[in-house]
Protein chains: 2
Amino acid sequence: MQVDPLSRTFAALADPTRRAILARLSSGEATVNELAAPFSMSLPAVSKHLKVLERAGLIERGRRAQWRPCRLKAAPMEDAAGWLEQYRPFWEGSFDRLDAHLRALQEGRGGE
Amino acid sequence: MQVDPLSRTFAALADPTRRAILARLSSGEATVNELAAPFSMSLPAVSKHLKVLERAGLIERGRRAQWRPCRLKAAPMEDAAGWLEQYRPFWEGSFDRLDAHLRALQEGRGGE
């Protein structure tokens with residue numbers, strides 16, 4: 001099944017280790033060994049996470065065969081953030097307050 | 001395994017049907033039948049998506065046994081958006097430009 005880019009981005013971010021890897025890369029590129037160091041995790045396990053991040057376009061890997069340093073590519077996050085932004089009025093509660101206000105008006109009218 | 005809330009939020013959003021359900025609910029509460037209507041999908045399939053959204057705290061369901069209307073709860077999206085916001089300087093390219101600038105400086109120095 002073809003996975004749409006936005007789903008792939010969200011799925012890649014749905015793991016604390018992968019988010020920690022991205023956080024680490026935000027301070028500069030790193031090799032797989034450097035990325036694995038803070039985690040009690042095997043290199044193949046870290047490599048698997050890197051593949052998920054790479055497929056989602058969230059990192060790119062250098063071509064130097066020995067090192068292949070990883071580098072953050074944040075571009076796909078922009079669409080994810082844009083999608084979430086649509087819902088800001090809801091989490092900020094302004095829609096809840098409007099709803100409560102409309103209910104209060106209706107109840108007031110019903111009581112007349 | 002215990003899944004952290006942020007991972008649960010991102011995982012719930014990693015599906016176009018679930019995002020479409022949330023979009024529909026942003027214009028008001030709806031029953032499972034109403035939510036299923038635009039999708040060529042069985043009610044059990046839609047119910048499964050709703051369970052994922054409910055476990056992630058992105059919707060809540062009414063208590064009226066027959067209808068159990070679904071309602072958007074956007075609160076968990078705030079943390080997800082906050083997490084993504086940290087990376088804005090990267091997707092806006094300001095870090096890339098800084099990087100390019102530093103490289104140019106270094107190359108300039110190398111050529112001196």
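Below, read A as the first sequence line, B as the second, and so on, with proteins coming before strands; counting in each chain starts at 1. What you see below is based on every heavy atom in this structure, not just the backbone, and it leaves out hydrogens, waters and symmetry mates. Remember, it's a predicted structure, so these values are computed and weren't measured experimentally.
Using a distance-only test at 3.5 Å, with no hydrogens or angles considered, no donor-acceptor pair links the side chain of B:Y87 to the main chain of A:K73.
In this structure, the portion of A:A75 lying under 4.5 Å from any heavy atom of chain B is its backbone and not its side chain. Both the backbone and the side chain of B:A81 come within less than 4.5 Å of a heavy atom in chain A.
Sequence neighbours left out, not one pair with a member in residues 37-49 of chain A passes salt bridge (Lys or Arg N to Asp or Glu O under 4.0 Å). Among residue pairs with one or both ends in residues 22-40 of chain A, those qualifying as salt bridge (Lys or Arg N to Asp or Glu O under 4.0 Å) are A:E29-A:R64; sequence neighbours excluded.
When hydrophobic clusters are built by joining Ile, Leu, Val, Met, Phe, Trp and Tyr residues whose side-chain heavy atoms come closer than 4.5 Å, directly or via intermediates, B:V52 is not grouped with A:L84.
Here B:A74 is the residue among B:A23, B:A74, B:P76 with the most heavy-atom pairs under 4.5 Å with chain A.
Within residues 7-20 of chain B, the residues that have a heavy atom under 4.5 Å from a heavy atom of chain A are B:S7, B:F10, B:A11, B:L13, B:A14, B:D15, B:P16, B:R19, listed by number.
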Acceptor/donor pairs from residues 39-47 of chain B side chains to any protein atom, 3.5 angstrom cut, sequence neighbours excluded:
residue: B:S42; atom: OG; partner: B:A45; partner atom: N; Å: 3.1
residue: B:S47; atom: OG; partner: B:L43; partner atom: O; Å: 3.1

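No side-chain heavy atom of A:F90 sits under 4.5 Å from any side-chain heavy atom of B:L25.
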